[in-house]
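For this chain, numbers begin at 1 and follow the sequence in order. Keep in mind the model is a prediction, meaning the values are calculated, not measured.
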Amino acid sequence: MAQQPEGPSVRLLRVGEQVRHILSEILTRGDVHDDVLNNHVVSVTEVRMSPDLRHATVFVKPLLGQDEEAVLKALRTNTAYLQREVAHRIRLKYAAKLKFLADDSFEEGSHIDRLLRDPKVVQDLEKPQED
């Protein structure tokens, strides 16, 4: 009996990375005619594709987290244009529907780092292990 692979397939990862590059290029070049997007540097940190490649969850982060809600709103307002551009540049059977979300992984990483640097945790980590 064949074992199911863990996580997304190589194809899903490859297509997600292609979508990420295309969206990054569009946003960097200022192709979207939106003042909010043109006035912010927006990083597309990750794109997760659904198994059927019909849906893409796009994780974004404005530089320094500034005006995150305004940037998300602008991206959602311009979703139709961005979907057309992605569909035009990637030859897939179906154009993926884009869903934009804020990437909170930076805050989670910072929170974990702060916890690990807490004096109580450092004290516990420095204690010799008892056998």
Novice: Supply the atom-to-atom distance Leu13 CG to Met49 CE, rounded to the nearest 0.5 angstrom.
Specialist: 11.0 Å
Novice: Show which side-chain atoms of residues 52-60 pair as donor or acceptor with protein atoms under 3.5 Å away, not counting sequence neighbours.
Specialist:
residue : atom : partner : partner atom : Å
Asp52   : OD1  : Ser50   : OG           : 2.5
Asp52   : OD1  : Arg54   : N            : 3.0
Arg54   : NH2  : Tyr94   : OH           : 2.8

Novice: Tell me whether Gln83 contacts the main-chain N or O of Lys97 through its side chain, where contact means a donor paired with an acceptor under 3.5 Å.
Specialist: no
Novice: Say whether, by atom type as modelled, one donor and one acceptor occur between the side chain of His88 and the main chain of Arg84 under 3.5 angstrom.
Specialist: no
Novice: As an exercise, state the distance from CG of Leu23 to CD of Glu85, rounded to the nearest 0.5 Å.
Specialist: 10.0 Å
Novice: Can you measure from OG1 (Thr45) to CG (Leu101) and round to the nearest 0.5 angstrom?
Specialist: 10.0 Å
Novice: Which residue pairs pass the side chain to side chain donor-acceptor pair (under 3.5 Å) test with at least one member in residues 12-26, sequence neighbours excluded?
Specialist: Glu17-Arg20, Glu17-His21, Glu25-Arg29, Glu25-Arg89
Novice: Do Tyr81 and Ile90 share a hydrophobic cluster (ILVMFWY, side-chain heavy atoms under 4.5 Å, transitive)?
Specialist: yes
Novice: Do any side-chain atoms of residues 69-76 form donor-acceptor pairs under 3.5 angstrom with protein atoms, and if so which ones, sequence neighbours left out?
Specialist:
residue : atom : partner : partner atom : Å
Arg76   : NE   : Phe100  : O            : 3.3
Arg76   : NH2  : Phe100  : O            : 2.7

Novice: So which pairs with a foot in residues 34-47 pass salt bridge (charged side-chain N to carboxylate O under 4.0 Å, His left out), sequence neighbours left out?
Specialist: Glu46-Arg48
Novice: Find the distance between OG1 (Thr77) and CG (Leu82) and round it off to the nearest 0.5 Å.
Specialist: 10.5 Å
Novice: Measuring from atom CD1 of Ile22 to atom CG of Asp31, what distance do you get when rounded to the nearest 0.5 angstrom?
Specialist: 12.0 Å
